[in-house]
Amino acid sequence: MSASPSVTPLAAAASPAPVAASPRRQAPAERPWLAALLGLALAGLAVFIALPVLALLGMSLWDSAGDFVGLAHFTAYARSPNVLNSLGNSLWLSALSATVCVALAYGYAYALTHSCLRGARLFRAVALIPLLAPSLLMAISLIYLFGHQGLLKDLLLGGNAYGPFGIVTGSVLWTFPHALLILSTALATSDGRLVEAATTLGASRWRVFWRVTLPASRYGLMISWTVVFVLVITDFGVPKVIGGNTQVLATDIYKQVIGQQNLPMGAVVALILLLPAVLAFVAEQHLRARQSANLGVRAVPFQPQPSPVLDRALFAYCALIALALLGVLAVAVFASLATFWPYNLTPSFKNYDFDLVDGGGWASYGHSLVMAIGTAVLGSLCTFVSAYLVEKPRQFAAARLWLNAIASVPMAVPGLALGLGYILFFNAGWNPLQGLYGSLTLMTLCTVAHCYSVAHITQLTALRQLDAEYEQVAASLGVPFWRTLWQVHLPVCLPTLLQVAGYFFVSAMTTVSAVVFIYSPETTLASLAVLAMDDAGDIAPAAAMATLIFASAALGRALLGALERWLVARTQRWRRR
């Protein structure tokens, strides 16, 4: 995802604006066009989001012959010897990873927002770098650091990097920026009046932290913990690469579908994985509502005061974490350039000759670029239109509510579950869209659907910043809604649109779980090539491909950022007045 704080892994779900709040009357000629747009948007989201998810439920209750079997598949899975092991591992590893990640990110966020930290912008930029890398890159780097021939394997005192240690460490590394974004926002919005009052009463800085700052950010802590927990429990890349023999639900789905071709049992595991994600999503929504209720309209932003000792200590803390993040990435990059690790470390591009190893060669990288560009264009435009239809019209209230509800579904659906749903729905013989199966088009649509909710709500937030008087004035002048959309809403929301495009591009380059079930040998992606190379024992080429993904995501995000600044400078000079 992009490094923009406006795009978080689980954004707060938004509801459409009140129907009767505006005096605007839609011109009769506009109603058919709005009805057609709403119908098209609802049909699209139903086909590419709702129906694939429902297909999971159907496959879990029917057998491959089409006979209804009820809960027989669930009973069979519950009786398997390793089910409790997989479920227990998923829960405790995700909980531990979330706890460690949030604790580290809270100290980092506190330093960025509540101290006079030197180089704060640089530290923030470094901490967000893992957003541009697939989780696979972190896991591969840990192999080079703590594996059997790792640089730091002696630090484990004979322990094994393949298992809980690798899963927790890799998960903390790649989810750290997600927690940091949420915690930075929570701490930055704390009320400075409370800190000033406590300081005036003679409270020490330590006491102010424990009695004022920490309680005020409790909802941010709980939200970030929930978000990281969901990200880890639904992640497939880290446990697949460095999980060893540790069984988790995400790898169980992969084994059932790819290893045993048992789609009904895979659907059962996907629904089980869906349950904690849905519960965590509901808890996250409740916490966000409580957090918003606690933000007073008279709150004053906190302005940190210099404290030499504390500022130096926080600088050392942030420097240590930043060096760890950069070090892990640097090891993977160096390993990709080493001729033969660890015996011949002479730099070369031998490992970048992908046509000599499994994974689809350089064609996989080309497919990823095509899919990422298509995802960025299609995703940003579709989410902008759906957000507009939810927020701006004042008719068709029921349709707008349904549109917003379906657009929010992917936030609670793991990528593996959605990908399996695409198999069951689009590969069905009765489906007229069966021809899309295995194509880059379907993989693009699946990636858009997987990332849809966050982008939709980000666009919705931008549109809600525009006063309703724009529509009222346009209506009074007889201007049709599509002209107002083109000349007002789209130009004003252009920066957000490009940020969302960057989010889609990076997500498409780094995704694994959403597409691991629906690709064909002719449409292999770079991220899937990393998995294939790792399975074949070609760790160095896997590191090279993961490094190339990271570099491409960073370059794409930088180009979109430059385009955003150029367009804003040429078309929105009024923002600087």
Side-chain angles (χ1 to χ4, degrees), residues 13-54 374-410 425-426 431-433 435-436 441-442 444-449 451-453 455-464 466 468-494 496-497 500-501 504:
S15 58
V19 176
S22 171
R24 175 183 177 177
R25 294 183 179 179
Q26 218 79 44
E30 295 184 8
R31 287 182 58 86
W33 289 103
L34 278 174
L37 279 176
L38 277 168
L40 184 62
L42 280 171
L45 293 187
V47 170
F48 295 105
I49 294 178
L51 293 180
V53 174
L54 291 176
T375 300
V377 174
L378 180 64
S380 56
L381 292 179
C382 288
T383 53
F384 178 77
V385 172
S386 66
Y388 172 84
L389 292 173
V390 167
E391 175 60 20
K392 292 305 178 183
R394 290 296 178 262
Q395 298 184 7
F396 309 108
R400 290 164 48 228
L401 284 171
W402 275 105
L403 180 65
N404 193 63
I406 299 176
S408 302
V409 166
F425 180 69
F426 286 99
N431 194 330
L433 299 176
L436 291 175
T441 300
L442 187 63
T444 300
L445 291 168
C446 183
T447 306
V448 170
C451 305
Y452 200 90
S453 297
H456 168 81
I457 294 171
T458 301
Q459 305 262 34
L460 198 61
T461 303
L463 285 167
R464 284 183 171 172
L466 298 177
E469 291 184 2
Y470 285 107
E471 291 82 42
Q472 296 172 13
V473 171
S476 65
L477 295 176
V479 178
F481 77 90
W482 54 83
R483 186 173 177 182
T484 307
L485 172 64
W486 179 257
Q487 295 185 350
V488 178
H489 298 112
L490 183 59
V492 172
C493 296
L494 188 60
T496 302
L497 190 72
V500 167
F504 273 115

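If you're wondering where the values come from, they're calculated on a predicted model, not measured in any experiment. All residue numbers in this chain count up from 1 along the given sequence.
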Of all heavy-atom pairs between [X] and [Y], which one has the smallest distance, and what is that distance?
X: Arg400; Y: Glu391; value: NH2-O, 4.4 Å
X: Gly374; Y: Thr444; value: C-CG2, 3.8 Å
X: Ala501; Y: Ala376; value: O-CB, 3.4 Å
X: Leu433; Y: Phe426; value: CD1-CE2, 3.8 Å

| field | Rounded distance [0.5 Å steps], CZ in Phe384 versus OG1 in Thr458 | value | 13.5 Å
| query | Atom OG in Ser386, atom CG in Leu38: separation rounded to 0.5 Å? | reply | 10.5 Å
| task | Check whether any side-chain N or O of Gln459 sits under 3.5 Å from a backbone N or O of Ser380 as a donor-acceptor pair, and report yes or no. | result | yes
| Under 3.5 Å, is there a donor-acceptor pair between the side chain of Asn404 and the main chain of Val390? | no
| query | What pairs with Leu45 under side-chain contact (heavy atoms from CB on, under 4.5 Å), at least two apart in sequence or on another chain? | reply | Ile49, Leu403, Ile406, Ala407, Tyr452
| message | side-chain hydrogen bond (donor to acceptor under 3.5 Å, both in side chains) for His456 and Thr383? Distances and angles first, verdict last. | response | CA-CA 5 Å; His456 168 81; Thr383 53; over 6 Å; no
| field | Test applied, side-chain contact (heavy atoms from CB on, under 4.5 Å); reference residue, Leu445; option that passes from Thr441, Thr447, Val448 | value | Thr441
| request: Would you please test Phe504 and Val377 for side chain to side chain contact (heavy atoms under 4.5 Å, CB included) and show each step? | output: CA-CA 8 Å; Phe504 273 115; Val377 174; over 6 Å; no
